[in-house]
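Here is the structure we will look at, set down as structure tokens.
Here the structure is a predicted model, which means the values were calculated and not measured.
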Amino acid sequence: MKIIEVDKDKCIGCNSCVRVCPIPTANVVVKNKSGEFVIDIDEQNCIRCGQCVLECSHGARFFNDDTERFFEDLKRGEKIILFAPPAIKVAFDGMWRHVLQWFRNNNIESIYDISFGADICTWAYLKYLEKNKNAKIISQPCPAIVNYALKHNHKILKNLAPIHSPMLCLAVFVRKYLHKNYKIAALSPCIAKKDEFIQTGNLIEYNVTFEGAKKYFKDNNISLPNVKKYSEFEFDCHQGMLGSIYSRPSGLKENILRNAPNLRVVNFEGTARVYEQLDEYTQEDYNNLPDVFDVLNCEFGCNSGPAIAQNYKSFRMNNIMFDVDDYVSKQREENIAIFEQFDKTLNLDDFTRKYEPIINTKKNVGSMEIEKAFEKLRKKTDKEKTFDCHACGLESCRDMAVAIARGVNVPENCHQFMLSKVNEERNTIIKSNNMVQNIIEELKKISLELNKNIEAVKSDTEIINDLSRKGFNDMNDVNKHMLELVELGKNMQQKVNQISHDAKKYTSVTVDVEEISTNINLLSFNASIEAARAGESGKGFAVIANNIRDLSQESKKSVNNANEHNKNIHKAIKEVTDIISEYNKRIENLITVVDSTRKDVSDTSENTALIRQSMNDVQSLSDEVLGLIEKTSNVF
């Protein structure tokens with residue numbers, strides 16, 4: 001679990017966290033899911049000072065502590081010892097005793113005052129200086145300071161006091177001198193304390209921050225007694241004396257000077273300058289260094305730690321600590337007595353620690369790589385390379401170049417780079433605008449020409465529409481005449497059919513006449529025979545018979561002629577019938593063609609109307625385009 005984390009969805013890449021961070025390389029520019037640049041944390045370089053958590057107004061940075069695990073173990077019946085630091089008086093102003101009493105009522109095995117551990121710490125510092133004449137040491141109660149020495153400036157380690165912090169001094173005392181081996185939880189205003197606990201073998205197992213504890217009280221609806229109500233709470237074992245003021249700036253300094261006023265002690269607090277002073281310390285002439293350099297990460301000491309969860313101003317915090325100072329200062333004899341007791345009962349070696357530098361595996365960058373980074377930043381001149389606007393959150397353009405060379409930052413995070421890019425894009429836009437303007441002018445010309453063409457098409461369409469209407473009317477007349485011809489053809493067919501019928505009757509008559517003629521001829525032949533038999537008396541009859549036979553022959557001849565004419569009539573009727581049939585077929589085909597032509601003319605008329613409507617739509621669209629072009633032209 002990371003001690004400090006980033007919610008990349010909330011981070012907006014404003015660089016506020018970078019600006020307050022004393023370690024430029026502890027922040028890495030990355031892209032979130034949306035492809036936006038955000039600021040992540042490089043665990044290897046982060047010293048857990050917590051300033052980024054305090055500074056982030058977007059809630060993108062948060063810390064993890066052991067509060068949840070502590071309360072879960074407490075509920076399971078784990079035997080846990082609780083340490084309370086001097087800063088509890090600020091964190092729970094006026095009701096800190098009620099808070100500790102609540103813990104005591106909820107299965108805490110015992111509660112100890114870290115101020116007592118601070119008294120041991122002061123004693124250990126004095127003993128170390130007494131044994132190591134001319135030693136120059138840097139105080140180490142602050143774990144962020146220790147992290148800085150371990151990770152970023154190993155030169156500090158040779159001067160870093162080999163004395164445990166007040167918390168660890170108390171932990172050693174409880175375990176080694178009181179022989180209590182229960183788990184230990186420390187209430188704390190500090191995020192970095194977790195690192196200290198790990199580095200010292202987990203003598204203390206839980207870093208329960210004030211912010212975490214307050215959140216637990218709120219989430220579980222735990223109400224504490226009124227501030228003015230008396231609390232019966234008292235610490236187990238010893239209560240701290242002068243160590244009670246350790247949590248304020250120069251707390252260690254004042255403790256040392258009140259016991260050894262001849263020592264030279266200088267104090268410095270706050271991320272804005274303390275790390276710069278530490279770097280300067282390693283380069284300073286040894287004789288110019290103070291005996292003790294009392295340093296704290298937080299500007300107002302532990303009372304303003306990043307997990308204090310209290311918004312008091314400095315005057316209120318100082319006033320609280322003045323009251324504490326007034327109380328313990330009156331216990332002068334007790335202060336002297338406690339140090340005398342330490343001399344008799346404590347072993348200095350039990351309260352010392354060693355430091356193992358943490359080797360940074362991040363690549364170092366040379367001048368060539370830095371120069372390439374400047375090229376990426378588009379910085380060529382000395383002026384551009386030393387612009388130092390701090391918009392990226394770093395101290396200088398060179399720091400930014402180093403960060404880019406190390407791969408923890410990007411050119412887009414540089415204000416000057418973005419200005420250069422914006423200017424470049426602006427020039428590109430200007431060129432594009434000019435091109436667009438020219439295109440707009442061409443579009444205007446094309447649009448006007450298009451309007452003219454549209455008008456011409458509309459005019460031609462009207463002419464076609466008129467011709468289509470006239471053609472449609474003419475086709476209606478033709479169709480009317482075709483129908484009349486069809487009717488006439490039907491009448492002709494009826495007449496021919498009638499003639500054919502009459503011709504058939506005529507044929508029947510000629511057959512009858514031919515039969516009568518044959519019979520007459522036979523009778524005349526018989527009459528001739530009888531006349532010959534009659535002799536002279538029958539000659540007259542014979543003449544009549546011959547005349548009858550001649551008449552019969554003429555009738556037969558007429559019948560033959562009639563049959564011949566009848567054949568011709570039937571042939572002619574058939575030919576006329578075939579002609580009429582072909583005439584009807586052609587008239588029907590003609591009517592079909594006329595109907596198709598009428599439909600085509602009708603469709604043409606409809607299509608013409610559609611074309612006219614389309615032309616109107618195109619005209620309207622063209623007018624809109626022209627209007628937009630005019631508006632665009634006005635913008636440019």
Side-chain angles (χ1 to χ4, degrees), residues 81 83 85-86 112-143 145-146 149-150 156-181 184 186 193 196-197 199-204 237-247 250-267 286 289-296 328 334-357:
I81 297 170
F83 287 179
Y112 294 99
D113 184 7
I114 294 176
S115 298
F116 180 71
D119 289 331
I120 296 174
C121 183
T122 302
W123 168 82
Y125 269 73
L126 294 172
K127 282 298 175 183
Y128 178 82
L129 291 171
E130 183 181 323
K131 288 185 176 182
N132 296 274
K133 301 297 182 182
N134 298 320
K136 310 287 187 180
I137 60 175
I138 300 171
S139 68
Q140 67 83 280
C142 179
I145 297 291
V146 175
L150 293 174
I156 296 173
L157 294 177
K158 66 180 181 180
N159 296 97
L160 195 61
I163 309 299
H164 276 308
S165 69
M167 278 190 185
L168 268 297
C169 285
L170 181 61
V172 171
F173 179 81
V174 168
R175 293 191 184 280
K176 190 158 187 174
Y177 292 86
L178 298 183
H179 307 292
K180 289 194 173 185
N181 292 316
I184 298 175
K193 275 296 177 183
E196 180 182 321
F197 300 163
Q199 292 160 9
T200 54
N202 287 313
L203 286 172
I204 300 176
C237 192
H238 306 285
Q239 185 169 345
M241 301 305 292
L242 276 176
S244 299
I245 64 172
Y246 247 62
S247 60
S250 73
L252 173 62
K253 173 185 176 181
E254 292 185 40
N255 270 263
I256 290 175
L257 292 178
R258 291 188 189 188
N259 289 279
N262 294 326
L263 290 176
R264 296 180 178 182
V265 184
V266 174
N267 66 290
Y286 190 80
L289 297 177
D291 297 317
V292 179
F293 187 27
D294 181 17
V295 288
L296 291 174
V328 297
E334 286 83 350
N335 282 309
I336 296 173
I338 197 171
F339 274 73
E340 291 175 350
Q341 185 66 27
F342 289 160
D343 287 336
K344 294 176 183 178
T345 58
L346 303 182
N347 182 351
L348 176 63
D349 291 340
D350 292 334
F351 301 95
T352 60
R353 63 173 287 190
K354 293 181 179 181
Y355 304 100
E356 291 294 332

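- Salt-bridge formation is detected for the pair Glu254/Arg258: a Lys NZ or Arg NE/NH1/NH2 atom is positioned less than 4.0 Å from an Asp or Glu carboxylate oxygen.
- Taking every heavy atom of both residues into account, Phe83 and Met167 meet most closely at CE1-O, 3.8 Å.
- Closest approach of Ser244 to Pro86, counting heavy atoms only: O-CB, 3.3 Å.
- Ring-plane geometry between Phe116 and His238 is classed as parallel, the angle between the planes falling under 30 degrees on a 0 to 90 degree scale with a further cut at 60.
- In this structure, Pro85 and Ser247 have side chains that are not in contact, with every pair of non-hydrogen atoms separated by 4.5 Å or more.
- In this structure the side chain of Ile163 reaches within 4.5 angstrom of the side chain of Thr352, judged on heavy atoms.
- Atom OH of Tyr246 and atom CD1 of Ile114 lie 12.5 Å apart (nearest 0.5 Å).
- Within the 4.5 Å cutoff, side-chain heavy atoms of Leu126 are placed close to those of Phe339.
- Taking every heavy atom of both residues into account, Ala135 and Tyr128 meet most closely at CB-CE2, 4.3 Å.
- Here Asn259 contributes atom CG and Asn262 contributes atom CG; the two are 12.0 Å apart, rounded to the nearest 0.5 Å.
- Taking 4.5 Å as the limit, every side-chain heavy atom of Val265 sits out of range of all side-chain heavy atoms of Asp291.
- Within the 4.5 Å cutoff, the side chain of Ile256 has no heavy atoms near those of the Asp294 side chain.
- The salt bridge (charged side-chain N to carboxylate O under 4.0 Å, His left out) analysis of residues 112-121, with sequence neighbours excluded, yields no pairs.
- For the atom pair Ile137 CD1 and Asn132 CG, the distance stands at 9.0 Å (nearest 0.5 Å).
- Relative orientation of the Phe351 and Tyr177 rings is parallel, given thresholds of 30° and 60° on the angle between their planes.
- In this structure, Tyr355 and Leu150 approach most closely via the heavy-atom pair CB-CD2, 3.8 Å.
- Here the straight-line distance linking atom CG of Leu242 with atom CG of Leu252 works out to 11.5 Å at 0.5 Å rounding.
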Scan the side chains in residues 169-176 for donor-acceptor partners under 3.5 Å anywhere in the protein, sequence neighbours excluded, and list what turns up.
from, atom 1, to, atom 2, distance (Å)
Arg175, NE, Leu203, O, 3.2
Arg175, NH1, Tyr182, O, 3.2
Arg175, NH2, Tyr182, O, 3.2
Arg175, NH2, Leu203, O, 2.9
Lys176, NZ, Asp350, OD1, 2.7

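- Not a single side-chain hydrogen bond (donor to acceptor under 3.5 Å, both in side chains) links Asn347 to another residue, sequence neighbours left out.
- The CG atom of Asn255 lies 9.5 Å from the OG atom of Ser115; values are rounded to the nearest 0.5 Å.
- A pairwise comparison of heavy atoms in Leu157 and Ala149 identifies CD2-CB, 3.6 Å as the closest pair.
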Go through Ile156 and Ile138 one step at a time and tell me if the side chain to side chain contact (heavy atoms under 4.5 Å, CB included) criterion holds. CA-CA 8 Å; Ile156 296 173; Ile138 300 171; 3.6 Å; yes

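- Distance check, rounded to the nearest 0.5 Å: NZ of Lys253 to CZ of Phe293 gives 11.0 Å.
- No side-chain donor from either of Ser139 and Tyr125 sits under 3.5 Å from a side-chain acceptor of the other.
- Under the side-chain hydrogen bond (donor to acceptor under 3.5 Å, both in side chains) rule, Ser165 has a single partner from Gln140, Glu196, Arg353, which is Glu196.
- In terms of modelled atom types and a separation under 3.5 Å, the side chain of Lys136 and the main chain of Leu289 share a donor-acceptor contact.
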Requested in this report: Dump the intermediate steps for side chain to side chain contact (heavy atoms under 4.5 Å, CB included) on Leu296 and Ile145, then the final yes or no.
Outcome: CA-CA 7 Å; Leu296 291 174; Ile145 297 291; 5.9 Å; no

